Participant: 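Handing you this structure, nothing more for now.
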2 protein chains.
Amino acid sequence: MSLADKNPVSGYSIKETAERTGITEDTIRYYEKIGLLPRAQRKGNSHRIYSEQDLEMMKLITCLKKTGMSLDDMRPFLNLSLDSDLSQYPELHEMILTHKQKILEQIASLQQVVDFIDNKVEQGSLGPQACELTGDTRRRMPARSKR
Amino acid sequence: MSLADKNPVSGYSIKETAERTGITEDTIRYYEKIGLLPRAQRKGNSHRIYSEQDLEMMKLITCLKKTGMSLDDMRPFLNLSLDSDLSQYPELHEMILTHKQKILEQIASLQQVVDFIDNKVEQGSLGPQACELTGDTRRRMPARSKR
DNA sequence: TCTTGACCTGGAGTCGGCTCCAAGTTATAC
DNA sequence: GTATAACTTGGAGCCGACTCCAGGTCAAGA
């Protein structure tokens with residue numbers, strides 16, 4: 001079946017996983033706590049162990065996060081990425097196409113901002129007539145934290 | 001009560017402003033509170049009034065927000081958004097180009113998600129090889145699918 | 001005069017997404 | 001046999017960005 005199954009008792013510790021995915025240990029546990037990640041397999045001592053697929057899922061989370069998707073909204077995607085014969089779940093299929101459409105619109109919006117910047121830089125000032133974007137003003141984008 | 005107070009030219013109320021910008025009244029006041037917007041002009045009764053330029057600035061905020069910029073990071077942009085010859089502020093010019101770069105990266109990320117979705121939809125199922133991202137270079141893995 | 005409605009202020013509460021902590025367990029190293 | 005390190009858990013705290021509220025002012029209308 002999976003790669004991990006060939007090698008019975010191994011897999012990645014949470015620390016290794018954190019290193020490989022760039023997600024902190026705390027955050028990985030947090031994702032499990034809120035059910036974004038399935039409960040991890042445990043060793044005898046209850047330590048979590050992760051497979052290659054688990055890491056892939058985490059990388060997918062990181063990726064989707066960069067597109068401004070909320071943790072909640074990405075649940076269906078994660079469910080899909082495991083097994084998934086997509087054609088068997090027409091609803092999900094539909095949802096994903098819808099989301100793809102949204103992303104394409106987002107790309108278009110961002111491209112307009114880039115154009116706006118290019119214009120302004122050429123003209124030398126940020127005048128009026130800022131970037132007129134598509135009607136829908138309420139869209140969430142990655143809110144970043146620093147520190 | 002001067003003529004000017006009744007004159008339509010005098011500016012927009014906060015309510016009108018909210019309607020025209022798509023930003024709620026509360027949020028407009030909040031932006032003023034944290035100093036993102038300058039203290040608004042007031043009428044005799046201390047009600048805020050906004051000019052066309054003020055609205056432009058708010059639209060710029062909305063626009064920058066869409067690109068994932070934090071409120072804090074957009075302060076410098078707003079400080080000179082109206083007039084100002086950009087070339088006189090090389091630092092700012094630099095910042096804007098940097099931000100443009102970020103947006104381009106964001107577009108790339110989004111495009112990767114689109115590709116991921118397309119693959120997924122085409123194949124019905126897709127193993128690893130999700131969207132690998134820029135930045136921290138974790139080496140790409142052999143990206144093999146079993147099966 | 002009384003009510004309504006648009007506005008004001010300061011401050012508290014909410015929510016998403018972490019981030020940190022204390023106290024406990026287990027494994028290995030010296 | 002004790003120190004160290006890597007983990008476990010539940011829960012508290014934090015930050016950004018709102019969002020809501022109580023209590024007050026003012027102007028116009030029935």
Side-chain angles (χ1 to χ4, degrees), chain A residues 9-50 54 58 60-75 78 137-147, chain B residues 1-8 10-50 54 58 60-75 78:
Chain A
V9 181
S10 84
Y12 302 106
S13 72
I14 194 166
K15 191 184 187 187
E16 285 170 323
T17 304
E19 280 160 7
R20 277 161 190 267
T21 60
I23 303 174
T24 70
E25 296 178 42
D26 264 332
T27 300
I28 292 170
R29 288 192 205 98
Y30 169 72
Y31 286 167
E32 184 178 318
K33 185 147 61 180
I34 64 170
L36 187 64
L37 291 173
R39 179 175 164 84
Q41 259 188 272
R42 309 298 168 116
K43 294 203 295 200
N45 56 9
S46 82
H47 288 193
R48 291 165 176 84
I49 45 175
Y50 294 100
D54 293 329
M58 293 180 206
L60 179 58
I61 290 173
T62 302
C63 173
L64 293 176
K65 235 159 62 75
K66 288 205 181 180
T67 74
M69 190 182 285
S70 75
L71 298 184
D72 229 66
D73 288 350
M74 60 179 76
R75 281 170 207 274
L78 300 177
T137 41
R138 321 225 110 211
R139 172 137 283 116
R140 315 182 334 102
M141 288 302 295
R144 334 172 352 86
S145 59
K146 29 196 79 171
R147 136 200 266 46
Chain B
M1 278 106 266
S2 74
L3 274 177
D5 285 338
K6 286 199 156 191
N7 195 310
S10 62
Y12 302 107
S13 72
I14 193 167
K15 191 182 187 188
E16 286 169 323
T17 304
E19 280 161 7
R20 278 161 191 267
T21 60
I23 303 175
T24 70
E25 297 178 41
D26 263 333
T27 301
I28 292 170
R29 288 191 206 99
Y30 168 72
Y31 286 166
E32 184 179 316
K33 185 147 63 179
I34 64 169
L36 187 64
L37 291 172
R39 180 175 165 83
Q41 261 189 273
R42 308 299 168 116
K43 294 202 294 197
N45 55 10
S46 83
H47 288 195
R48 291 166 176 83
I49 46 174
Y50 295 100
D54 292 328
M58 292 181 206
L60 181 57
I61 290 173
T62 301
C63 170
L64 293 176
K65 233 159 67 75
K66 279 194 189 180
T67 73
M69 189 181 285
S70 75
L71 298 184
D72 229 66
D73 287 350
M74 60 180 77
R75 279 170 208 276
L78 300 177

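To find a chain, count down the sequence lines: A is the first, B the second, and so on, and within it residues start at 1. Just so it is clear, the structure is predicted and the values come from calculations on it, not from any experiment.
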Participant: Using the side-chain heavy atoms of A/Lys33, tell me which of these nucleotides is nearest: D/dG11, D/dA6, D/dT19.
Facilitator: D/dG11
Participant: Could you tell me how far apart A/Lys15 (NZ) and D/dT8 (C1') are, to the nearest whole angstrom?
Facilitator: 16 Å
Participant: Give the nucleotide from the list C/dC18, D/dT19, C/dC8 with an atom nearest to the side chain of B/Tyr30.
Facilitator: D/dT19
Participant: If you check every side-chain atom of B/Ile14, which of C/dC7, D/dT8, C/dT19 has the closest atom?
Facilitator: C/dC7
Participant: Does any non-hydrogen side-chain atom of A/Ile61 lie less than 4.5 Å from one of A/Thr21?
Facilitator: no
Participant: Tell me the interatomic distance from A/Glu16, atom CD, to D/dA5, atom P, rounded to whole angstroms.
Facilitator: 18 Å
Participant: Quick one: does A/Leu71's side chain get under 4.5 Å of A/Tyr30's, heavy atoms only?
Facilitator: yes
Participant: Whether B/Ser13 contacts C/dC7 is assessed here as follows: a side-chain N or O lying under 4.0 Å from the phosphate OP1 or OP2. Is that the case?
Facilitator: yes
Participant: A/Asn45 has a side chain; which of C/dT26, C/dC7, C/dC18 sits nearest to it?
Facilitator: C/dT26
Participant: Out of D/dT19, D/dC7, C/dG17, which has the shortest distance to the side chain of A/His47?
Facilitator: D/dC7
Participant: Rounded to the nearest angstrom, tell me the gap between atom CE in A/Met74 and atom P in C/dG17.
Facilitator: 8 Å
Participant: Grab the NZ-P distance between B/Lys66 and D/dA17 for me, whole Å please.
Facilitator: 17 Å
Participant: Going by side-chain contact (heavy atoms from CB on, under 4.5 Å), B/Tyr12 matches just one of B/Arg48, B/Arg20, B/Glu19. Which one?
Facilitator: B/Arg20
Participant: Let me know the distance between CD of A/Glu32 and C1' of D/dC7, rounded to the nearest Å.
Facilitator: 13 Å
Participant: Starting at atom CG of A/Asp26, determine the distance to atom P of D/dC7, rounded to an integer number of angstrom.
Facilitator: 12 Å
Participant: If you check every side-chain atom of A/Tyr31, which of C/dC18, C/dC7, C/dT9 has the closest atom?
Facilitator: C/dC18
Participant: Is the distance from OP1 or OP2 of C/dT9 to the nearest side-chain N or O of B/Arg42 less than 4.0 Å?
Facilitator: yes
Participant: What's the CD-P distance between B/Gln41 and C/dC8, to the nearest Å?
Facilitator: 13 Å
Participant: Identify the residue among B/Thr62, B/Leu37, B/Thr17 that makes a side-chain contact (heavy atoms from CB on, under 4.5 Å) with B/Ile23.
Facilitator: B/Thr62
Participant: Look at B/Lys43 and D/dT25 and indicate whether a side-chain polar atom (N or O) is within less than 4.0 Å of OP1 or OP2.
Facilitator: no
Participant: Looking at the side chain of B/Arg48, which of C/dC21, C/dC18, C/dC8 is the nearest nucleotide?
Facilitator: C/dC8
Participant: Side chains of B/Leu60 and B/Leu78, heavy atoms from C-beta outward: is any pair under 4.5 Å?
Facilitator: yes
Participant: Specify the separation, in whole Å, of atom CZ of A/Arg29 and atom P of D/dT9.
Facilitator: 8 Å
